[in-house]
Amino acid sequence: MRVCIRRCRFSLVSAVMVSLLAGSALAERPLTITPNEFEGTDSQRINQAIQAAAGKGLTVVIPKLNQKPGATSETWLLDSAILVRDNTTLELNHCHIKLSDRCRDNIIRSANCGMGITDIKPMKHVHIYGVGNVLLEGADHPRATGDSAKTLGKHSFGTDAGVEGKSQTGDWRNIGILFAKVENFSIKNLHLKDSHSWAISLERSGPGRIEEIRFTSHGFKMIDGKRKAIHNQDGLDLRQGCHDIIVEGITGETGDDLVAVTNITVKRYLTPGTDTTMMVSGATFRKTVAEDIRNIFIRNVAGFGGGDHIVRFLNASGLKIYNVVLDGVIDKSTPDRRCAATIKIGDANPAWGGVTPVGDTSRFAISNIIGNSKNTILIAGSLTDSSLSNIISNSENGEPITYRSGKEHVENVKISNLIQSKKEIPSR
């Protein structure tokens with residue numbers, strides 16, 4: 001009987017030990033993969049790591065040290081875009097990612113879109129986050145900059161200016177991080193510097209979160225000792241069809257708008273995947289809910305918008321923007337360099353169809369704004385069924401709210417707690 005008991009106890013202990021050892025081995029199994037495990041250019045190695053992680057639940061980590069046989073660098077130099085895929089988690093760990101002078105492409109793009117892709121399939125669960133000091137930077141000698149209305153060399157810098165066979169205007173490839181039709185995403189804790197046009201742009205995407213993003217662009221760049229213009233350096237752009245997105249903690253300086261929420265097109269239809277537009281997924285005048293920008297939360301914005309705007313809302317041609325919460329903006333313009341407006345709503349530009357019909361821009365809750373621009377709240381289009389509250393203004397014209405398009409385009413807007421500053425206080 002005693003022998004049986006001892007044997008039973010030994011068997012139980014053995015089973016427990018085997019289980020613990022198996023669990024330990026499972027715990028030691030790597031849950032990350034890095035481009036240092038692959039060969040090729042930096043772009044190829046990063047994209048191979050993303051492909052290898054697909055469907056396996058692995059996090060792709062781009063570390064600080066770029067380790068190649070016989071060489072180690074602290075910079076990852078891209079000659080083509082990093083392509084994120086379904087169920088991608090990309091961790092940027094204290095790393096510096098920079099576009100090479102050969103590159104005419106995005107820094108990061110959702111893999112479902114690109115040149116020649118006309119049928120863009122939705123993607124899901126894409127997450128990009130930075131750990132520590134992460135820098136995404138434009139090229140020393142960009143091949144192209146500016147948007148699709150800017151001619152290289154004439155309006156905005158580009159080494160492709162005058163080169164036969166190369167597009168002579170900017171396009172969506174100049175955008176730093178570009179997502180199209182991406183659901184359930186997040187982008188967090190990144191610093192983007194010297195972008196070739198918009199630093200981050202989202203098209204027809206949501207729900208998602210964008211948090212703790214810093215921009216450093218100035219509308220120009222010193223290239224070979226000379227100051228060269230770089231146009232359209234917005235920070236964050238939310239474009240046609242974006243919905244259910246939380247934006248929080250946007251800071252820094254840009255060469256254009258710091259945050260832009262824009263639902264516009266100048267043509268009835270733009271084909272996806274061409275180099276003639278800033279929207280890789282194309283654009284349309286279709287007046288459907290799917291094309292509306294809606295359910296947007298923007299909180300805690302502080303910075304300077306390149307002489308343009310800190311936050312800009314713009315829609316036209318029957319495309320709508322509604323259900324927007326904007327809470328907490330500190331305008332860091334200085335008295336000698338003011339933005340046009342802290343917040344601008346709409347535009348009467350005839351090229352975009354003029355003032356939006358009453359009702360197309362509606363249900364905005366804007367609060368806790370400290371303005372230091374020429375205008376604090378500039379209504380240049382229409383606005384309905386909204387509230388503006390807790391506005392502290394240091395505007396040149398002495399009014400917290402400017403009705404450029406006329407009060408007849410503003411209906412059912414409740415305004416409270418407007419304060420005009422009496423003293424000039426530097427903001428930066």
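Reckoned from all heavy atoms, side chains included, excluding hydrogens, waters and symmetry mates. Sequence positions, counted from 1, serve as the residue numbers for this chain.
Listed for the Asn315 side chain is no donor-acceptor partner under 3.5 Å among the backbone atoms of Ile264. Remark: the backbone N or O of Ile246 is not paired with any side-chain donor or acceptor of Glu248 at under 3.5 angstrom. Under a 3.5 Å cut-off, the side chain of Arg294 and the backbone N or O of Val289 do form a donor-acceptor pair. For the pair Thr402 (side chain) and Arg404 (backbone), a donor-acceptor distance under 3.5 Å is absent.
Listed by chain and number, the residues in a side chain to side chain contact (heavy atoms under 4.5 Å, CB included) with Ser148 are Met278 (sequence neighbours excluded). By the side chain to side chain contact (heavy atoms under 4.5 Å, CB included) test, Ser416 is found to be paired with Ser389, residues two or more places apart in sequence or in another chain being considered. With sequence neighbours excluded, the residues satisfying ring pair (Phe, Tyr, Trp, His ring centres under 6.0 Å) with Phe185 are Phe179. Residues meeting the side chain to side chain contact (heavy atoms under 4.5 Å, CB included) test with Asp194, sequence neighbours left out: Glu137, Lys221. Among residues two or more places apart in sequence or in another chain, the side chain to side chain contact (heavy atoms under 4.5 Å, CB included) test is passed with Asn47 by Ile50, Ile82, Leu83. Residues passing the salt bridge (Lys or Arg N to Asp or Glu O under 4.0 Å) test with Asp79 are Arg102, sequence neighbours excluded. With sequence neighbours excluded, the residues satisfying salt bridge (Lys or Arg N to Asp or Glu O under 4.0 Å) with Asp171 are Arg104, Arg173. Remark: Lys121 pairs with Asp119 by the salt bridge (Lys or Arg N to Asp or Glu O under 4.0 Å) rule, at least two apart or across chains. Evaluation of the ring pair (Phe, Tyr, Trp, His ring centres under 6.0 Å) rule for Phe364 yields Phe313 as partners, not counting sequence neighbours.
Between Asp385 and Arg363, none of the side-chain N atoms (NZ, or NE/NH1/NH2) sits under 4.0 Å from a carboxylate O, so this pair counts as no salt bridge. The existence of a salt bridge linking Arg204 and Glu183 is excluded, since no basic side-chain nitrogen approaches an acidic carboxylate oxygen closer than 4.0 Å. Ion pairing between a basic and an acidic side chain is recognised when a charged N comes within 4.0 Å of a carboxylate O; Arg109 and Asp105 show such pairing.
Looking at every heavy atom in both residues, Ala180 comes nearest to Ser110 through N-OG, 3.2 Å. Shown here for Gly346 and Ala380, the closest heavy-atom pair between the two residues is O-CB, 3.4 Å.
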Side-chain polar contacts of residues 51-64 - donor-acceptor pairs under 3.5 angstrom, sequence neighbours left out - could you list them?
residue : atom : partner : partner atom : Å
Lys56   : NZ   : Ala52   : O            : 3.1

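Checking Ser217 against Thr254 by side-chain atom types alone, no donor-acceptor pair falls below 3.5 Å. A donor-acceptor pair shorter than 3.5 Å cannot be found between the side chains of His96 and Glu74. Between the side chains of His191 and Thr216, a donor-acceptor pair is found at a separation under 3.5 Å. Residues Ser43 and Thr41 have side chains that never bring a donor and an acceptor to within less than 3.5 angstrom of each other. The closest side-chain donor-acceptor pair between Ser281 and Glu203 falls under 3.5 angstrom.
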Go through the steps to decide whether His243 and Asn295 satisfy the test side-chain hydrogen bond (donor to acceptor under 3.5 Å, both in side chains), and finish with yes or no. CA-CA 5 Å; His243 63 94; Asn295 309 336; 5.8 Å; no
Does Thr342 form a side-chain hydrogen bond (donor to acceptor under 3.5 Å, both in side chains) with Asp331? I'd like the steps, not just the answer. CA-CA 6 Å; Thr342 306; Asp331 178 353; 2.6 Å; yes
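Within the structure, salt bridge (Lys or Arg N to Asp or Glu O under 4.0 Å) pairs that include any residue of residues 296-322 comprise Arg312-Asp347 (at least two apart or interchain). Residue pairs that meet the salt bridge (Lys or Arg N to Asp or Glu O under 4.0 Å) test with at least one member in residues 31-53, sequence neighbours left out, are Asp42-Arg45, Asp42-Lys68.
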